[in-house]
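These numbers come from a predicted model, not from an experiment. Numbers here simply count residues along the sequence, with the first being 1.
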Amino acid sequence: MIIDVHTHIPTHLGAVPPDEESINQVMRPDVSVRLNNSFEDYIRDMGPVDRAVAFGVAINPRGSEDDMGVMRGQWEINDTAAALAKTYPDKVIGFMSVHPGAVDVMEELERCVGDLGLKGLKLAPNYQNFHPLGEEARRVYEFAQRRGLPIVFHQGTAPMRAAPLMYAHPIVMDELAMDFPELKIVMAHMGHPWHEDCIAVIRKHPNVYADVSGQFYRPWQMYNGMRLAHEWSVMHKLFFASDWPLTTPQETIDALNGFNTFAERYHLPSVPIDALVGIIERDSLALLGIE
């Protein structure tokens, strides 16, 4: 079974009108990325995986300099995630997103669990511009821990000027995990470019994991991250993820299967292929407590 724990909901139910297409040339150094996609586009690209976790990112209700053009209000994105999961129940698992500073955040959490049937959360403290260790955020973590809801955090750098890097540094998750030891946490992107810190945290905390999304298009960085994970014996704490639409699951599968080609080309130490295949085939849903 292949499970993609990191995909973003499509922006459109049907086909994207030509005048609404958005192409991003910053997020990947190798190709341009089409940010606006339909449900049909999504399910086509999810063909190689058995299950996919899908979510949006709730906007900052207090306003921000840059919402990336794809961040929307928490009601809209959570309804969309639920609709996607309902449309493709054998493929998609919907996660919610909220902003801890929203007036109705606790009500929205209850609605997402009770009415929409969403199974976890996506938070991006740097993009959403909230302090990840602040009191507002801790209310959300307490709710998630109590209700058994895993949280996928954006972890790592971002090119947006209004997104504070300190809010997305992997070392922040160390304190969070000490305060909420039963909370299941996934640090996205292996905390790039801070792989060492990410690995230190997932090694220390039993309920903290990392996903491998956003790695392969920076091959030297991916190589070092995987070698560190292997040397520190945390390969079993890494989850398969694509970060669709930034990349597709097939691209990520191909990169993991072909990882050692890069090592051989430059006469570098390899990583055992069974450990790399283990990432692709890991039952991350079971580890996160999702039925």
State, yes or no, whether a side-chain contact exists between [X] and [Y] at a heavy-atom distance under 4.5 Å.
X: Phe216; Y: Asp254; value: no
X: Met190; Y: Gln155; value: no
X: His195; Y: Arg227; value: no
X: Phe95; Y: Lys119; value: yes
X: Arg203; Y: Ser233; value: no
X: Met46; Y: Val92; value: no
X: His205; Y: Met173; value: no
X: His189; Y: Cys198; value: no

Near-ring test His8/Tyr42, centroid separation under 6.0 angstrom: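 Ring centres of His8 and Tyr42 not closer than 6.0 Å.
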
If only atom types and distance count, is the side chain of [X] paired as donor or acceptor with the main-chain N or O of [Y] below 3.5 Å?
X: Asp211; Y: Phe240; answer: no
X: Gln215; Y: Ser213; answer: yes
X: Glu182; Y: Gln145; answer: no
X: Glu281; Y: Ile2; answer: no

How far does [atom1] of [X] sit from [atom2] of [Y], to the nearest 0.5 angstrom?
X: Lys184; Y: Ile290; atom1: NZ; atom2: CD1; value: 10.0 Å
X: Arg138; Y: Leu176; atom1: CZ; atom2: CG; value: 7.0 Å
X: Asn257; Y: Ile273; atom1: CG; atom2: CD1; value: 5.5 Å

For the residue pair [X] and [Y], what are the closest heavy atoms and their distance?
X: Lys237; Y: Ile202; value: NZ-O, 2.6 Å
X: Ile279; Y: Leu256; value: CG2-CD1, 4.1 Å
X: Met166; Y: Val172; value: O-CG2, 3.5 Å
X: Arg282; Y: Ile3; value: O-CD1, 3.9 Å
X: Gly14; Y: Ser38; value: O-CB, 2.9 Å
X: Ser97; Y: Asn78; value: N-OD1, 2.8 Å

In terms of the angle between their ring planes, are Phe180 and Tyr141 parallel, tilted or perpendicular, with boundaries placed at 30° and 60°?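 Rings of Phe180 and Tyr141: perpendicular, as their planes differ by over 60°.
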
Angle class for the Tyr223/Phe262 ring planes (parallel below 30°, perpendicular above 60°, tilted otherwise)?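 It falls in the tilted class, 30° to 60°.
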
Stepwise side chain to side chain contact (heavy atoms under 4.5 Å, CB included) check, Val53 with Lys122: CA-CA 10 Å; Val53 171; Lys122 162 69 173 190; over 6 Å; no

Val105 and Glu108: side chain to side chain contact (heavy atoms under 4.5 Å, CB included), yes or no, with the steps? CA-CA 5 Å; Val105 61; Glu108 176 65 0; 5.7 Å; no

Would [X] and [Y] show up in the same hydrophobic cluster when neighbours are defined by side-chain heavy atoms closer than 4.5 Å?
X: Leu84; Y: Leu121; result: yes
X: Tyr127; Y: Ile9; result: yes
X: Met106; Y: Val98; result: yes
X: Trp194; Y: Val152; result: no
X: Phe143; Y: Val186; result: no

Check the pair Glu142 / Arg146 against salt bridge (charged side-chain N to carboxylate O under 4.0 Å, His left out), numbers first and verdict last. CA-CA 6 Å; Glu142 192 280 329; Arg146 175 164 43 86; 3.2 Å; yes

Show your working on salt bridge (charged side-chain N to carboxylate O under 4.0 Å, His left out) between Asp283 and Arg51 and close with a plain yes or no. CA-CA 10 Å; Asp283 189 354; Arg51 304 301 298 273; over 6 Å; no

With no hydrogens and no angle check, just 3.5 Å: does a side-chain donor-acceptor pair link Thr248 and Asp45?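 Note: Thr248 and Asp45 side chains miss the donor-acceptor criterion.
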
Whether the Ser284 and Tyr209 side chains hold a donor-acceptor pair (N or O, under 3.5 Å, no angle test) is what I'd like checked.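 Tyr209 and Ser284 do not have a side-chain donor-acceptor pair below 3.5 Å.
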
When you look at Asp104 and Arg111, which way does the salt bridge (charged side-chain N to carboxylate O under 4.0 Å, His left out) test go after all the steps? CA-CA 10 Å; Asp104 61 346; Arg111 186 183 80 92; over 6 Å; no

Evaluate the side chain to side chain contact (heavy atoms under 4.5 Å, CB included) criterion for residues Met222 and His192: first the C-alpha distance (whole Å), next the side-chain angles of each, then the deciding distance (0.1 Å), finally the verdict. CA-CA 9 Å; Met222 180 180 181; His192 64 185; over 6 Å; no

Among Thr252, Thr247, Thr7, Asp4, which residue satisfies the side-chain hydrogen bond (donor to acceptor under 3.5 Å, both in side chains) criterion with Ser242?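 It is Asp4; the other options fail the test.
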
Determine whether Asn207 and Leu183 satisfy the following criterion, side chain to side chain contact (heavy atoms under 4.5 Å, CB included), listing intermediate values before the conclusion. CA-CA 7 Å; Asn207 287 324; Leu183 179 62; over 6 Å; no

